[in-house]
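Worksheet: the structure to be examined is printed underneath.
Positions are given from 1, in the same order as the sequence printed here. Values in this document were obtained by computation on a predicted structure and should not be read as measured data.
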Amino acid sequence: MNYHMMNHVVNHLLDVDSYGPVFMYATNRDLTTAPRHIIRMAEPVDPELLREALKIALLRFPQMGLGLERGETQYRYRLLTDPPVVLPFDDISPYYIGSEDTNGYLFCCGYRENTIYLEYQHCTSDGRGFNEFIKCVLFYYLKLHGYAIVNDGSVRTLETDFHPAENEDGFAKLRRAPQSDANHVPDVPAFHLPEYDGMEDENELTTEITMPFSLVRRYLKQNEITPLTFLMTAICHALYRTYYQGTGRREAIVAEVPTDLRAYIDSPTVRFFVALLDLPFHYEYFSLPFADACRKLSAFFNTQRVLPHAAFWALKNAGRVTAGHQAEMPIDEKEQMMREQARAYIRRDSFILTNIGPFLLPIQMERHILDYGAILPCAHQPFGVLVSSYRDTLKIALSQRDLRPDLVNNLTAVLEEVGFHSKTYSYMFHPTRYDGKKLGGSVKP
């Protein structure tokens with residue numbers, strides 16, 4: 001990278017994008033400020049090699065070498081000088097991201113036995129963006145182990161220069177796209193569990209539900225439906241059996257679906273670049289055959305995720321966040337305003353359902369990496385659902401405030417009835433916390 005380019009990169013690393021700032025002002029009680037990615041290796045993790053791999057990856061991903069500063073009126077990024085750390089980890093995290101725990105870094109890297117944990121503050125990235133960083137870390141970790149790893153071009157390594165577009169605000173490009181609020185369905189009363197309100201910092205029950213992706217693909221193709229609407233239908237039927245039967249409930253179950261905008265707008269950015277779209281499962285859909293309900297959902301969601309509609313609502317939300325970040329008011333008042341806005345926005349929906357897609361690695365790396373998955377914490381909602389896939393395994397990570405096994409049991413029963421035997425693994429979970437008043441790490445002079 002030439003000197004002019006390096007100056008340009010440094011000057012723009014600290015730029016704040018359109019949507020990420022909401023996560024700076026929120027805490028883990030309000031939003032999912034620190035999603036967790038979990039990688040199970042074929043052998044015990046060497047923390048020293050993992051730390052060295054992080055250092056190398058930060059040369060390729062300088063936008064991950066940032067911390068936060070809490071100013072008088074707003075948060076700002078800052079360049080860090082302390083090295084990254086690798087922490088002993090457990091399912092119930094004792095750490096704060098961005099604090100002295102992580103030397104100020106807005107990602108957290110941990111290990112336990114043969115498992116690597118990587119988390120990120122959502123202001124820096126979204127799930128698919130952070131996966132690019134994870135792949136680079138794993139690549140160099142295995143190289144430092146001495147394994148014959150060859151990059152097939154799918155991993156961003158030091159063989160290719162960092163480009164400023166990888167840190168760009170994708171919403172700037174989105175503003176040039178066609179926009180329309182046509183076919184937008186007004187908010188409908190959504191299913192909620194008020195008895196679990198106020199539990200935002202409690203432990204959660206997380207269950208990983210896995211099944212062969214090849215079998216799921218065959219079912220989807222035969223019935224002309226999509227993975228997300230298939231899973232939404234199954235989850236809604238499980239919610240019906242758990243919380244509707246024997247009650248007078250009739251409200252729709254509404255998922256907030258983060259939709260990757262890179263599918264519409266070409267951008268290598270790792271920043272937060274998604275549209276938050278609603279997917280309602282109306283009460284009358286429960287009386288339809290399972291595949292018909294899936295198709296009903298698919299037909300509706302196709303009207304919501306077309307570019308003009310997705311762009312309109314993504315930019316509307318980004319504009320709200322940007323205006324809040326730039327408002328002239330004391331930081332305490334701004335934090336309160338942004339947190340209230342965030343909670344009100346996500347409470348329109350019943351839960352968040354996100355699909356970060358397949359985790360793809362060069363074939364030489366796959367033999368050393370046995371399993372991959374990610375968790376979306378509940379935050380201010382009763383559930384968080386994240387879907388991922390690795391090799392031929394589809395994984396649903398379901399986090400919930402209700403610690404009873406009923407919902408999981410009902411979900412696996414629904415899947416069994418439509419032809420899928422699934423495996424489950426449940427454990428108690430607590431996300432790494434985030435609070436802007438607990439920031440740390442040395443800064444460059």
Side-chain angles (χ1 to χ4, degrees), residues 15-23 122-132 163-188 217 220-221 223-233 252 254-282 294-323 342 345-346 348-349 351-358 360 376 385-389:
D15 289 349
V16 175
D17 61 356
S18 294
Y19 197 86
V22 68
F23 299 101
H122 233 328
C123 68
T124 63
S125 185
D126 56 28
R128 291 188 177 174
F130 193 62
N131 269 347
E132 296 297 330
H163 191 276
E166 297 178 46
N167 192 53
E168 71 182 4
D169 181 1
F171 288 88
K173 287 183 175 178
L174 195 66
R175 293 186 187 100
R176 301 194 292 269
Q179 301 170 39
S180 171
D181 63 348
N183 298 316
H184 181 70
V185 177
D187 295 347
V188 297
R217 283 197 198 96
L220 300 178
K221 186 175 181 180
N223 291 281
E224 299 180 332
I225 53 182
T226 63
L228 190 137
T229 51
F230 163 74
L231 292 169
M232 177 65 174
T233 302
V254 185
E256 179 185 291
V257 181
T259 302
D260 185 14
L261 289 168
R262 298 171 188 84
Y264 306 94
I265 303 296
D266 184 29
S267 173
T269 187
V270 304
R271 293 281 185 165
F272 192 97
F273 193 35
V274 301
L276 302 173
L277 305 177
D278 288 347
L279 182 58
F281 191 98
H282 295 284
C294 292
R295 283 189 283 269
K296 193 91 169 176
L297 280 186
S298 292
F300 169 77
F301 200 51
N302 286 341
T303 70
Q304 304 300 291
R305 60 184 179 180
V306 294
L307 176 57
H309 184 274
F312 180 91
W313 292 104
L315 290 170
K316 183 176 181 178
N317 289 332
R320 171 178 54 84
V321 169
T322 299
Y345 186 82
I346 67 171
R348 301 173 317 148
D349 305 318
F351 65 99
I352 299 177
L353 170 61
T354 185
N355 179 8
I356 59 173
L360 302 174
L376 187 76
V385 184
L386 189 148
V387 184
S388 61
S389 62

Quiz item: Atom OG in S180, atom NE2 in H309: separation rounded to 0.5 Å?
Solution: 8.0 Å
Quiz prompt | Parallel, tilted or perpendicular: rings of Y19 and F272 (30°, 60°) | solution = parallel
Self-check item: W313 and D181: CA distance, side-chain angles, deciding distance, side-chain contact (heavy atoms from CB on, under 4.5 Å) verdict
Solution: CA-CA 8 Å; W313 292 104; D181 63 348; 4.2 Å; yes
Quiz item: What distance separates L376 CG from S388 OG, expressed to the nearest 0.5 Å?
Solution: 11.5 Å
Self-check item: Residues, nucleotides or ligands: over 12 heavy atoms within 6.0 Å of K296 NZ
Solution: no
Exercise. Might you work through the side-chain contact (heavy atoms from CB on, under 4.5 Å) test for T229 and F300, ending with a clear yes or no?
Key: CA-CA 10 Å; T229 51; F300 169 77; over 6 Å; no
Practice problem: Could you check if a side-chain atom of P21 sits within less than 4.5 angstrom of a side-chain atom of T322, using non-hydrogen atoms only? | Solution: no
Quiz item: Do the side chain of R295 and the main chain of N223 share a donor and acceptor less than 3.5 angstrom apart?
Solution: yes
Quiz item: Which is it for R217 and S389 under the side-chain hydrogen bond (donor to acceptor under 3.5 Å, both in side chains) test, yes or no, and what are the steps along the way?
Solution: CA-CA 12 Å; R217 283 197 198 96; S389 62; 5.8 Å; no
Exercise. Spell out, as yes or no, whether a donor-acceptor pair under 3.5 Å connects the side chain of N355 to the backbone of G357.
Key: yes
Quiz item: To the nearest 0.5 Å, what is the distance between CD1 (I265) and CG (D260)?
Solution: 11.5 Å
Exercise. Heavy atoms only: give me the nearest H282-A252 pair and the separation to one decimal.
Key: ND1-CB, 3.9 Å
Quiz item: With R348, which residues qualify under salt bridge (Lys or Arg N to Asp or Glu O under 4.0 Å), at least two apart?
Solution: D187, D278
Quiz item: Does N317 reach the side chain of Y345, with side-chain heavy atoms less than 4.5 Å apart?
Solution: yes
Quiz item: Are any of the side-chain heavy atoms of L307 and P178 separated by less than 4.5 Å?
Solution: yes
Practice problem: For residues A275 and A310, report the shortest heavy-atom separation together with the two atoms involved. | Solution: CB-O, 3.8 Å
Exercise. State, to 0.1 Å, how close P268 and E168 come at their nearest heavy-atom pair, and which atoms those are.
Key: CD-OE2, 4.1 Å
Quiz prompt | Considering all heavy atoms, the nearest V274-P258 contact | solution = CG2-CB, 4.3 Å
Practice problem: Answer whether the closest heavy-atom distance between the side chains of F301 and L277 falls below 4.5 Å. | Solution: yes
Practice problem: Can you see which heavy atom on L279 is nearest to which on M232, and at what distance? | Solution: O-CE, 3.4 Å
Quiz item: With a 4.5 Å heavy-atom cut-off, do V254 and V188 have their side chains touching?
Solution: yes
Quiz item: Roughly how far, to the nearest 0.5 Å, is the CZ atom of F273 from the CG atom of D17?
Solution: 10.5 Å
Practice problem: Using salt bridge (Lys or Arg N to Asp or Glu O under 4.0 Å) as the criterion, list what pairs up with D126, not counting sequence neighbours. | Solution: R262
Quiz item: What's the verdict on side-chain contact (heavy atoms from CB on, under 4.5 Å) for E256 and I346, showing C-alpha distance, side-chain angles and the deciding distance?
Solution: CA-CA 8 Å; E256 179 185 291; I346 67 171; 4.0 Å; yes
Quiz item: Tell me, do R175 and L315 make a side-chain contact under 4.5 Å, heavy atoms counted?
Solution: yes
Quiz item: What is the distance from atom CD1 of I352 to atom CG of L386, rounded to the nearest 0.5 Å?
Solution: 10.0 Å
Exercise. Applying side-chain contact (heavy atoms from CB on, under 4.5 Å), run through E132 and E166 and close with a yes or a no.
Key: CA-CA 10 Å; E132 296 297 330; E166 297 178 46; over 6 Å; no
Quiz prompt | Side chains of R305 and T226, donor plus acceptor under 3.5 Å | solution = no
Quiz item: Under the 3.5 angstrom rule, does the side chain of R128 hit a backbone N or O of I356 as a donor-acceptor pair?
Solution: yes
Quiz item: What closest approach, in Å, do H122 and G127 show between heavy atoms, and which atom pair accounts for it?
Solution: CE1-N, 4.4 Å
Quiz item: If you round to the nearest 0.5 Å, how far is OG1 of T259 from CD of Q304?
Solution: 10.0 Å
